[in-house]
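Below, each value reflects all heavy atoms present in this structure, side chains not excepted, and no hydrogens, waters or symmetry copies.
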Amino acid sequence: MDANNGHSSSKSIEKVLSRKVMQAGSSAPCKIWVTGFLCGICVVYLFSVALPPLRVLQSQSVYPLPRRAIQWNFTLTGHEGAAATGELASPQEKVEEQNRNEHTTEARIVQLYNAWSTMLNKTSDEHLESSDVPWPPHLDDCWLNVERNKRFDSYGDNGTFPPWTLWKGSLGLELLNQKYLENADHYRQYPPWIVGSDEENYPLTRQVQRDIWIHQHPPNCSDPSLRFLIADWERLPGFGIGAQLAGMAGLLAIAIKERRILVTNYYNRADHNGCNGASRSSWSCYFFVETSSDCRKRAFELMQSKASWAEGPVKVKENYTSKQIWLGSIPRMWGEPWKYLQPTTEINGILITNHRKMDRRWWIAQATRYLMRFPTEYMCGLLNVARHSAFGLEAAKLVLKSIQNDSPKVGTTTTKSDIQRLVWSNHRPYIPRPLLSMHVRMGDKACEMAVVGFEEYMKLAGNLRKQFPSLKNIWLSTEMQEVIDKTKLYPDWNFYFTNVARQGGNMTMALYEASLGRETSTNYPLVNFMMATEADFFVGALGSTWCYLIDGMRNTGGKVTSGYLSVNKDRFW
């Protein structure tokens with residue numbers, strides 16, 4: 001409506017009003033009627049002429065899509081040009097346009113997800129950095145990580161101490177002043193596998209981890225004064241991975257007390273085709289070996305000598321009783337730091353401030369952290385596959401939203417900048433945060449502890465969400481199919497879990513693992529274990545050794561202040 005038309009409309013209204021006033025006369029009721037009539041006319045005029053239609057404002061709030069929302073390899077056509085000239089599309093056209101945009105976006109998300117899936121199958125020589133598609137934020141460059149960690153886990157060529165500094169990742173390797181390394185006191189350097197502040201870990205964690213590494217890595221493995229303890233991992237059918245780790249923690253304690261170097265030998269769970277070469281039947285298939293290859297070689301050489309057995313330079317697990325391994329005293333060279341444990345474990349709404357096994361809880365956490373300090377390329381690859389399966393589509397959606405222009409041309413390599421390659425090299429892969437890890441242990445565990453239903457675990461999750469309202473993601477690990485089925489009853493939560501066959505009823509864990517096969521029954525629990533250590537929160541059952549070990553890894557991984565909610569009491573309390 002232009003100015004002239006508005007003016008003529010006003011004059012027409014004034015004539016009508018004057019005529020009504022003259023007809024009304026001077027009576028009071030008529031005056032009141034006229035006043036009301038005039039107000040009504042003004043209101044109608046105001047909303048029908050002076051203001052634009054509300055439907056236009058609503059349309060502009062959702063249409064067209066802003067330029068910043070244009071995603072990788074995707075352009076807007078048709079209605080974008082109409083909107084620029086002020087033309088409005090019909091409601092049907094807008095719905096069709098929105099459906100086309102959503103379909104195209106979903107197709108491109110799947111396309112990027114599939115491109116990343118191809119990356120997972122690359123060999124060590126074709127690590128992720130050489131890819132010509134956007135970097136997958138949820139995947140680790142396993143080859144690069146292992147090469148870097150090898151330098152952190154061994155002496156230099158001239159016998160120098162590993163480059164442990166306050167600078168993590170590649171930054172501490174490539175830009176570190178060599179004079180600093182030559183003059184550094186290794187007793188003031190801390191292992192790079194510990195994250196978080198001292199207050200966010202168990203007492204003395206950094207010092208203990210450093211001392212264990214030094215004990216297990218003497219500079220000269222040919223030194224005739226060295227003594228060794230060679231131990232196979234427990235292999236009885238009733239021993240799960242958790243029990244095997246707890247047993248090896250006891251053997252490490254014995255080795256440190258007797259000033260022996262622990263050398264792990266046969267590991268039955270790595271006796272499968274996924275572990276190749278020297279890593280077959282060895283802990284080194286999944287995590288860095290507990291001592292150097294030179295010391296392992298020296299220990300097995302001494303084991304072949306009868307004189308060594310008689311003189312005692314070499315001992316094996318069979319030289320010790322089960323009580324010594326499982327219930328023996330722990331090393332006291334660091335005093336009694338367990339007396340300073342902060343209470344961060346809650347059972348039935350009450351923090352556990354003290355119990356009779358605090359020393360063992362502290363030590364098993366330290367031993368487990370050391371034995372699992374660095375994942376191998378194989379273990380890293382398993383974690384990549386799990387994260388990609390769970391979070392890959394979400395990561396692709398986030399990456400596509402962040403890209404302003406078309407994708408890089410095929411055949412071009414995306415080169416990382418120095419800050420990406422060095423300063424940000426130690427950042428963890430993307431997972432949707434905050435993330436709660438939950439391990440639901442039921443089945444045959446009822447013979448050892450009081451098991452509770454999935455509902456009790458979810459009650460604790462609900463308590464967490466009252467404090468942290470943004471919490472909606474749960475990484476769920478369980479051997480029970482009924483637990484997976486019950487996740488459908490909680491539509492307000494996002495559940496992630498590994499794709500593996502699960503059991504029904506009260507089948508024993510040994511039979512269940514046998515049904516999966518050795519490779520699967522080892523790989524997927526270790527993936528769940530590592531994911532639990534990375535999650536922001538944890539809900540479990542302290543009566544389960546597995547949960548007990550997860551708690552220890554979190555408390556030596558910067559997660560002490562995250563707390564731990566348990567559905568029952570551990571048998572040690």
Side-chain angles (χ1 to χ4, degrees), residues 120-121 124 142 146 230-249 251 263-290 296 317 325 368 371-372 374-390 439-445 447-448 475-481 483-484 497-533 544-550 553:
L120 294 175
N121 298 322
S124 301
C142 297
V146 168
I230 301 176
D232 290 343
W233 294 77
E234 295 287 354
R235 65 179 81 179
L236 294 176
F239 282 82
I241 300 176
Q244 289 177 314
L245 279 166
M248 194 56 68
L251 288 163
V263 178
T264 64
N265 198 12
Y266 179 72
Y267 183 47
N268 62 330
R269 292 181 177 273
D271 191 2
H272 57 74
N273 294 331
C275 300
N276 300 316
S279 69
R280 179 77 180 243
S281 305
S282 172
W283 180 249
S284 63
C285 177
Y286 294 99
F287 298 94
F288 276 34
V289 73
E290 70 288 335
R296 289 178 60 83
K317 183 175 66 176
I325 296 173
T368 305
L371 292 171
M372 305 178 82
F374 288 134
T376 60
E377 189 171 359
Y378 179 69
M379 185 69 225
C380 176
L382 295 176
L383 288 167
N384 271 350
V385 171
R387 281 193 301 266
H388 186 57
S389 177
H439 181 65
V440 181
R441 185 71 168 94
M442 297 171 65
D444 66 325
K445 197 64 177 177
C447 65
E448 298 180 20
W475 181 275
L476 178 63
S477 62
T478 181
E479 74 279 7
M480 305 302 295
Q481 182 58 42
V483 172
I484 301 299
F497 41 82
T498 52
N499 183 19
V500 65
R502 288 176 168 82
Q503 71 182 72
N506 291 322
M507 179 189 298
T508 64
M509 182 58 72
L511 289 176
Y512 171 59
E513 289 186 339
S515 69
L516 294 178
R518 180 162 288 176
E519 184 173 355
T520 300
S521 66
T522 304
N523 291 354
Y524 99 87
L526 287 176
V527 165
N528 285 326
F529 188 95
M530 298 302 290
M531 287 300 301
T533 65
S544 163
T545 303
W546 195 242
C547 292
Y548 189 85
L549 293 173
I550 289 174
M553 278 288 282

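Between the side chain of Arg235 and the backbone N or O of Arg269 there is no donor-acceptor pair closer than 3.5 Å. Proximity of a side-chain donor or acceptor of Thr522 to a complementary backbone N or O of Arg518 within less than 3.5 Å is detected. For the pair Gln244 (side chain) and Glu234 (backbone), a donor-acceptor distance under 3.5 Å is present. Without hydrogens or angle criteria, Trp546 side chain to Arg441 main chain gives no donor-acceptor distance under 3.5 Å. With Ser521 contributing its side chain and Leu516 its backbone, the two residues share no donor-acceptor pair below 3.5 Å. Side chain of Ser282 to main chain of Cys285: no donor-acceptor pair is present (N/O by atom type, distance under 3.5 Å, no hydrogens or angles). Side-chain atoms of Ser389 never come within 3.5 Å of backbone atoms of Ala386 as a donor-acceptor pair (strictly under, hydrogens ignored).
Among all heavy-atom pairs drawn from Asp232 and Tyr266, the shortest one is OD1-N, 3.1 Å. Considering all non-hydrogen atoms of both residues, Ala532 and Ile550 come closest at CB-CG2, 3.7 Å. Here the closest heavy-atom approach between residue Tyr378 and residue Cys275 is recorded as CE2-SG, 4.4 Å. The two residues Met248 and Ala231 come nearest to each other via the heavy atoms CE-O, 4.1 Å. Heavy atoms only, all atoms of each residue included: Ala243 and Thr545 are closest at N-CG2, 4.2 Å. Smallest separation of non-hydrogen atoms from Cys142 and Gly381: SG-N, 3.6 Å.
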Walk me through whether Tyr524 and Asn499 qualify under side-chain hydrogen bond (donor to acceptor under 3.5 Å, both in side chains). CA-CA 9 Å; Tyr524 99 87; Asn499 183 19; over 6 Å; no
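Under the 4.5 Å side-chain criterion, counting only non-hydrogen atoms from C-beta, Thr478 is not in contact with His439. Using a 4.5 Å heavy-atom threshold, the side chains of Arg502 and Phe497 count as touching. Proximity of Thr498 to Trp475: side-chain heavy atoms (C-beta onward) are separated by under 4.5 Å at one or more points.
Summarising the geometry, atom CG belonging to Leu526 is positioned 5.5 Å from atom CE belonging to Met372; distances are rounded to the nearest 0.5 Å. With rounding to the nearest 0.5 angstrom, the CG atom of Leu382 is 4.5 Å from the CG atom of Asn523. To the nearest 0.5 Å, atom CZ of residue Phe529 and atom CG of residue Leu549 are 5.5 Å apart. The distance from atom CE of Met480 to atom CD of Gln503, rounded to the nearest 0.5 Å, is 5.0 Å. Atoms OH and OG1, on Tyr548 and Thr368 in that order, are 9.5 Å from each other to the nearest 0.5 Å. Going from atom SG of Cys380 over to atom OH of Tyr286 covers 14.5 Å, rounded to the nearest 0.5 Å.
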